[in-house]
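Below is one structure, written out as structure tokens, with a few remarks after it.
Quick note on labels: first sequence line is chain A, next is B, and so on, each numbered from 1.
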Amino acid sequence: MHIPDGILPASIIVAGYATTGGVTWYSLRQIKRDKNPQENIPKASLLTAAFFVASWIHIPVPPVSVHLILNGLLGTILGYYALPAILIGLFFQAVMFQHGGLSTLGVNATMFGIPAIVAYHLFQLRHKVGKNNRVWTGVFAFLAGAGGLGVSVVIFFFLIVTNIPANIDAAVERNVIYGLVLAHIPLMFIEGAFTAAVALFLMRVKPELLKP
Amino acid sequence: MNSQWKIIFPFVVISVFGASTRAIAHGVRMQARETQAIEVNAEYDNGDPMVNAQVTVYAPNDPATPWLEGTTDNNGNFVFTPDASQSGNWSVQVRQAGHGSIVNVPIEGNQAQAGGDSATPESSTSRVMNTGAANFTPLQIILMGAAGVWGFIGTALFFMRGNKTNSELRRSESQR
């Protein structure tokens, strides 16, 4: 789902970098408010590695195949640390494997980063329910994992559908985009379940990791 | 046969056979000419071919207007013959569902020259231009990925060590 170079017009590319710049600044400001930001760096670094390799894991959803994104998981576990983690992960994916692109780094970071922060806030809603037990943690982790990816897919859909170049067959392109978007619905369930499993595991073995 | 038909019949025969001479002509003229074609193969990075992806070809003298449009076949292939009179970079863009890439094929006169993002000469007449991770072998990709992952793990270990040292310092200070 990473948008490569040469697909989007220059105005969207610039807007993507501007949005990423703003959100990264806000995230770093939130991170700075932590008592000891260094404490969370090992966790952020390990999940950046997971995000970096996740795009290699392809899941066939006939007739297409999709790959793991894990931005919902990063948001759920890392909170605001997810944004720099995703930005770094995307940079390495683009430079090493040409997955995504350097010109679209801003757009991709916005597309995956903002939904990660949405996922974090979704996961924090479990405290509002007032029952910080395993069931609610699992339910909200699932919603965060699936929701984070879902918001990314919606952003991807609008970016691509509204920027189909005039010289190609728009109807054909739109149909393929619909197919790709629909193929991400099963992936949302997979990533939601994976996020819930990770959150419940951490709750059992090291619950302090779930308190960013 | 009355006299009227005796006059008309030869005309009917002549007109029928005369007309059919053109319609079922057995003479075929063929011409074979050697020309330079460019074959583009597009696949996703997991190896799946980009089936029915939309292809746009831009000529060197007008990179803004599509020179040719088409779609890839079931194997992700698309073949076209560039206008040999236009030398320079022929750009071929393949796009499907927001994914795609552009490859530049330099044509100089009647001969393809090495160039583009990278070029691997296969023989004197056929050259291959790749984009994306196709430049690397699977082993190289795995090594690069492993190096990247180790970088992240190393960062994590480094900061974990820092935390431990800090907490040990704090503990020793509190013991005093």
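- When A:Ala49, A:Ser65, A:Gly6 are compared by the number of non-hydrogen pairs under 4.5 Å with chain B, A:Ala49 comes out ahead.
- Heavy-atom pairs under 4.5 Å with chain B were tallied for A:Gly179, A:Pro165, A:Ala44; the largest tally goes to A:Pro165.
- Heavy atoms closer than 4.5 Å to chain A are found in both the backbone and the side chain of B:Gln96.
- The minimum heavy-atom distance linking A:Ile177 with B:Ala97 is given by the pair CG1-CA, 3.7 Å.
- Inter-residue side-chain proximity for B:Ile153 and A:Ser45 is flagged as unmet; no heavy-atom pair is nearer than 4.5 Å.
- When heavy atoms are compared at a cutoff of 4.5 Å, A:His2 approaches chain B solely by way of its backbone atoms N, CA, C and O.
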Determine, stepwise, if the pair A:His58 / B:Tyr44 fulfils side-chain contact (heavy atoms from CB on, under 4.5 Å).
CA-CA 11 Å; A:His58 289 267; B:Tyr44 291 107; over 6 Å; no

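- Considering every non-hydrogen atom in both A:Pro4 and B:Gly98, the closest pair reads CD-O, 3.4 Å.
- In terms of the salt bridge (charged side-chain N to carboxylate O under 4.0 Å, His left out) criterion, residue partners of A:Glu173 (sequence neighbours excluded) are, by chain and number, B:Arg95.
- Ranked by non-hydrogen atom pairs under 4.5 Å with chain B, the options A:Ile164, A:Val64, A:Leu180, A:Ile168 are led by A:Ile168.
- Taken from CD in A:Gln38 to CZ in B:Phe158, the straight-line distance is 8.0 Å, to the nearest 0.5 Å.
- For A:Asn163, the part lying near chain B is the backbone, with the side chain staying farther off; criterion is any non-hydrogen pair under 4.5 Å.
- Among residue pairs with one or both ends in residues 13-22 of chain A, those qualifying as side chain to side chain donor-acceptor pair (under 3.5 Å) are A:Thr20-A:Thr110; sequence neighbours excluded.
- Counting heavy-atom pairs closer than 4.5 Å to chain A, the top-ranked of the candidates B:Gly148, B:Ala147, B:Gly145, B:Gly100 is B:Gly145.
- For the atom pair A:Ile7 CD1 and B:His99 NE2, the distance stands at 8.5 Å (nearest 0.5 Å).
- Applying the ring pair (Phe, Tyr, Trp, His ring centres under 6.0 Å) test to residues at least two apart or on different chains, the pairs with a partner in residues 137-157 of chain B are A:Phe52-B:Phe152, A:Phe92-B:Phe152.
- Looking at B:Phe159 and A:Glu39, their side chains never come closer than 4.5 Å, going by heavy atoms from C-beta outward.
- Atom CE of A:Met96 is separated from atom CD1 of B:Ile141 by 11.5 Å, given to the nearest 0.5 angstrom.
- Residues of residues 49-65 of chain B having a heavy atom under 4.5 Å from any heavy atom of chain A, listed by number: B:Gln54, B:Thr56, B:Tyr58.
- In this structure, chain B has a heavy atom under 4.5 Å from the side chain of A:Phe156, while its backbone stays farther away.
- Annotation: A:Phe194, atom CZ; neighbour count of heavy atoms from other residues, nucleotides and ligands within 6.0 Å does not exceed 12.
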